[in-house]
Amino acid sequence: MPELAEVHYYRKQWEPGLGETVRAVETHPKARIFREVAASAIERGLLGETFRGSHGHGKRMLFEFSSGFWLGLHLGMTGKLFTAPLDHEVAKADHLVLRMGTLTLVFADSRMFGKLTLEQTEESREPEWWSSLPPQPQERAFSAKWVATFVKRFPKTPVKTALLDQRGFPGIGNWMADEICWRMRLLPQTLCGELSDADRVELARVTREVARDAMKVIGEDWSRPPDRWLMNHRWKDGGICPRRGCRDELIREDLRGRTTCWCESCATR
């Protein structure tokens, strides 16, 4: 599932359409991505409106249109956004197609785990659900105090599992959570209640660090992360720890339903 940086990258793919007006809306009305809003409502709402803004938060996106319309979007597991020429031929997985003045904006989702919402607000205010979202790792409000307060609520939850909780760590997904634990030299199975005050401060710091690194590398142009990251070595059995001076085989096991990767030798906490 796309995480913070991947979502940022895909969100930017629609930005060439900013300032243009929706000339036509094409959908696959029975696609599961319309389970929270009817395709016909999106067609009626966006037709003739101007694309005014693009916003991201964690794994969510919000696109602003004129007349107070807000299109919320979650990519799910296989969703992606891209721009195409005006004469773009709609493919089977292209479930939302916005034909603008000079280009076409497309939301494609082959497995249809993504979803859309549409809301109209007065005076172009952001939807209430958006303004009430928790702070992101790259924001000032995502502080050591915020992280400590959150993880203390779940003393019997593994740190890896807590990192995947979007109420506390928006945008953090499976590979980023493993990367955070690995950089901390922390076993992912460590319970939140076993963290010391210093550990909680370090958890906040490293979460911000991984988010910042991911945004710079993946979020900008989908560049390949450097091999010194765990990410490049965690996907298959037999991976080798990239930490200098280690080179031991990585362990991959299920942790509360999610494949988790770590280095036993490097985990000192």
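The shown structure was predicted, so the numbers you read here are calculated from the model rather than taken from an experiment.
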ask   = Any donor and acceptor pair, going by atom type alone, linking the side chain of His28 with main-chain N or O of Ala93 inside 3.5 Å?
value = no

CA sep, side-chain torsions, deciding dist, call: Glu36, Thr117, side chain to side chain donor-acceptor pair (under 3.5 Å) = CA-CA 6 Å; Glu36 294 193 7; Thr117 61; 5.7 Å; no

query = Would a 4.5 Å heavy-atom cut-off, applied to side chains only, mark Lys12 and Ser54 as touching?
reply = no

query = If two hydrophobic side chains count as joined below 4.5 Å and joins carry through other members, does Trp262 share a cluster with Ile180?
reply = no

ask   = Angle class for the Trp70/His55 ring planes (parallel below 30°, perpendicular above 60°, tilted otherwise)?
value = tilted

Check against side chain to side chain contact (heavy atoms under 4.5 Å, CB included), Arg224 and Asp227 = CA-CA 9 Å; Arg224 184 180 187 273; Asp227 282 338; 2.8 Å; yes

inquiry  = Taking atom NZ as the centre, does Lys115 end up with more than 12 heavy-atom neighbours from other residues, nucleotides or ligands that are less than 6.0 angstrom away?
reply    = no

query = Using a distance-only test with no angle check, is there a side-chain donor-acceptor pair under 3.5 angstrom linking Arg185 and Thr268?
reply = no

task = Of all the heavy-atom pairs spanning Thr259 and Asn174, show the shortest one and how long it is.
result = O-ND2, 2.9 Å

query = Can you tell which of Pro134, Ser131, Pro135 makes a side-chain contact (heavy atoms from CB on, under 4.5 Å) with His57?
reply = Pro134

request  = List the steps and the verdict of side chain to side chain contact (heavy atoms under 4.5 Å, CB included) for Glu15 and Thr83.
outcome  = CA-CA 9 Å; Glu15 290 188 344; Thr83 58; over 6 Å; no

request  = Take His74 and Phe113 through the test side chain to side chain contact (heavy atoms under 4.5 Å, CB included) and record every step on the way to the result.
outcome  = CA-CA 9 Å; His74 194 295; Phe113 289 120; over 6 Å; no

key: Check: Arg99 side chain, His88 main-chain N or O, donor-acceptor pair, under 3.5 Å   = yes

inquiry  = Among Asp165, Asp254, Asp178, exactly one meets salt bridge (charged side-chain N to carboxylate O under 4.0 Å, His left out) together with Lys160. Which residue is that?
reply    = Asp178

query = Taking the side chain as C-beta and beyond, is there a heavy-atom pair between Lys152 and Arg200 under 4.5 Å?
reply = yes

Heavy-atom donor-acceptor pair, Gln189 side chain to Leu255 backbone, under 3.5 Å = no

ask   = Where is the tightest heavy-atom contact between Ser110 and Thr78, given as atom of each residue plus distance?
value = OG-OG1, 3.4 Å

request  = Quick one: pull up CD in Glu49 and OG1 in Thr21 and give me the separation to the nearest 0.5 Å.
outcome  = 8.5 Å

inquiry  = Do Phe142 and Val159 land in one hydrophobic cluster if side-chain heavy atoms of ILVMFWY residues count as linked below 4.5 Å?
reply    = yes

task = Answer yes or no: are there more than 12 heavy-atom neighbours, outside Arg32 itself, under 6.0 Å from its atom CZ?
result = yes

ask   = For Trp130, is the NZ or CZ atom of Arg60 found under 6.0 angstrom from the centre of its six-membered ring and inside 45 degrees of the ring axis?
value = no

task = Dump the intermediate steps for side chain to side chain contact (heavy atoms under 4.5 Å, CB included) on Thr260 and Cys181, then the final yes or no.
result = CA-CA 10 Å; Thr260 301; Cys181 291; over 6 Å; no

message = Donor-acceptor check, side chain of Arg252 to backbone of Trp235, threshold 3.5 angstrom: yes or no?
response = yes

key: Sub-4.5 Å side-chain heavy-atom contact between Leu75 and Phe107   = yes

task = Look up atom CH2 in Trp182 and atom SG in Cys241, then write down how far apart they are to the nearest 0.5 Å.
result = 5.5 Å

ask   = What distance do Glu6 atom CD and His8 atom NE2 have between them, rounded to the nearest 0.5 Å?
value = 11.5 Å

query = Looking only at heavy atoms, what is the nearest atom pair of Pro225 and Asn232, with distance?
reply = O-ND2, 2.7 Å

query = Is the number of heavy atoms from other residues, nucleotides or ligands within 6.0 Å of CZ (Arg35) greater than 12?
reply = yes

query = Are any non-hydrogen side-chain atoms of Phe169 and Leu164 less than 4.5 angstrom apart?
reply = no

ask   = Taking the side chain as C-beta and beyond, is there a heavy-atom pair between Met231 and Ile218 under 4.5 Å?
value = yes

key: Contact check, side chains of Arg256 and Thr157, non-hydrogen atoms, under 4.5 Å   = yes

inquiry  = Please tell me whether Met112 and Val37 are part of a single hydrophobic cluster in this structure, the criterion being side-chain heavy atoms less than 4.5 Å apart.
reply    = yes

query = Do Leu71 and Trp14 have side-chain heavy atoms sitting under 4.5 Å apart?
reply = yes

ask   = Quick one: do the Glu139 and Trp146 side chains pair a donor with an acceptor below 3.5 Å?
value = no

ask   = Hey, quick one: are Leu81 and Met100 part of the same hydrophobic cluster, counting side-chain heavy atoms closer than 4.5 Å, chains of contacts allowed?
value = yes

inquiry  = For residues Leu187 and Ile251: do they belong to one hydrophobic cluster (side chain heavy atoms under 4.5 Å, members Ile, Leu, Val, Met, Phe, Trp, Tyr)?
reply    = yes

request  = Please confirm whether the backbone N or O of Gly76 pairs with a side-chain atom of Arg111, one donor and one acceptor, at under 3.5 Å?
outcome  = no

query = At what distance, to the nearest 0.5 angstrom, does CG of Leu98 lie from CZ of Phe63?
reply = 9.5 Å

query = Are the side chain of Asp109 and the backbone of His95 linked by a donor-acceptor contact shorter than 3.5 Å?
reply = no

inquiry  = So if I apply the side-chain contact (heavy atoms from CB on, under 4.5 Å) rule between Pro137 and each of Val210, Ile172, Val206, which one comes out positive?
reply    = Ile172

request  = Run the salt-bridge test on Asp213 and Arg183 with the 4.0 Å N-O cut-off and return the result as yes or no.
outcome  = yes

ask   = With no hydrogens and no angle check, is any side-chain donor or acceptor of Gln166 less than 3.5 Å from a backbone partner on Gly171?
value = yes

key: Taking every non-hydrogen atom, the tightest pair across Cys263 and Leu250   = CB-CD2, 3.8 Å

message = So which atom in Ala214 and which in Trp175 form the shortest heavy-atom distance, rounded to 0.1 Å?
response = CB-CH2, 3.9 Å

remark   = The reported gap from CG in Leu96 to CG in Leu46 (rounded to nearest 0.5 angstrom) is 7.5 Å

message = I need the minimum non-hydrogen distance between Ala204 and Val147, along with the two atoms involved.
response = CB-CG2, 3.6 Å

key: Min side-chain heavy-atom separation Phe150-Phe154 under 4.5 Å   = yes

inquiry  = Using a 6.0 Å cut-off, check whether atom NZ of Lys80 has over 12 heavy atoms from anything other than its own residue.
reply    = no

query = Is the backbone N or O of Leu230 less than 3.5 Å from a side-chain atom of Glu179, with the two atoms forming a donor-acceptor pair by type?
reply = yes

task = Check whether any side-chain N or O of Glu3 sits under 3.5 Å from a backbone N or O of Met176 as a donor-acceptor pair, and report yes or no.
result = yes

task = Can you measure from CZ (Arg243) to CG (Asp248) and round to the nearest 0.5 angstrom?
result = 11.0 Å

